[in-house]
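Everything on this sheet refers to the single structure shown next.
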Amino acid sequence: MTRLLTRRQREVLLLAANGNSNADIGRWLWITPDTVNGILRNAYRALGAGDRAHAVALALRAREFGLDDIREPEADQVPQNRTELEEEA
């Protein structure tokens with residue numbers, strides 16, 4: 001199967017689909033919110049989407065990820081600092 005998105009674009013879009021803000025995604029992946037925004041813009045372009053919701057719908061249709069991968073966001077699910085992330089490992 002040919003993928004439309006890179007691994008990183010799928011990862012970031014899935015985190016967005018799960019209700020995370022760009023700032024939350026950046027903290028989770030240790031990248032800046034501006035980098036998250038750039039990755040999402042590239043994903044939108046690859047999918048032909050105009051916004052986040054449209055990109056998620058198109059990614060689902062293209063089977064970039066499945067409905068089972070999208071979860072209800074939980075409070076405090078994003079680590080706030082490196083120590084918190086290391087404690088989970």
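Because only heavy atoms are used, hydrogens play no part in the values below, and waters and symmetry mates are left out as well, while side chains stay in.
Counting all heavy atoms, side chain and backbone alike, G66 lies closest to L60 at C-CD2, 3.6 Å. Smallest separation of non-hydrogen atoms from A55 and L47: O-CD1, 3.5 Å. Shown here for L40 and A16, the closest heavy-atom pair between the two residues is CD2-CB, 4.4 Å.
Here the CG atom belonging to L14 is positioned 9.5 Å from the CD1 atom belonging to I25, to the nearest 0.5 angstrom. Distance check, rounded to the nearest 0.5 Å: CD1 of I39 to CG of L29 gives 7.5 Å. Of the inter-residue distances, the one linking L13 atom CG with L58 atom CG reads 9.5 Å to the nearest 0.5 angstrom. One distance of note links CZ of R61 with CG of L4; it measures 12.0 Å at 0.5 Å rounding.
Under the salt bridge (charged side-chain N to carboxylate O under 4.0 Å, His left out) criterion, the residue pairs touching residues 6-22 are R7-E11, R8-E11, R10-E64, with sequence neighbours excluded.
Between V56 and I70, some side-chain heavy-atom pair lies under the 4.5 Å cut-off.
When the side-chain hydrogen bond (donor to acceptor under 3.5 Å, both in side chains) test is applied to R45, the partners found at least two apart in sequence or on another chain are N42. Qualifying side-chain contact (heavy atoms from CB on, under 4.5 Å) partners for A43, counting only residues two or more places apart in sequence or in other chains: L5, Q9.
A donor atom on one side chain and an acceptor atom on the other are not found under 3.5 Å apart for N20 and R27.
Using a distance-only test at 3.5 Å, with no hydrogens or angles considered, no donor-acceptor pair links the side chain of N37 to the main chain of P33.
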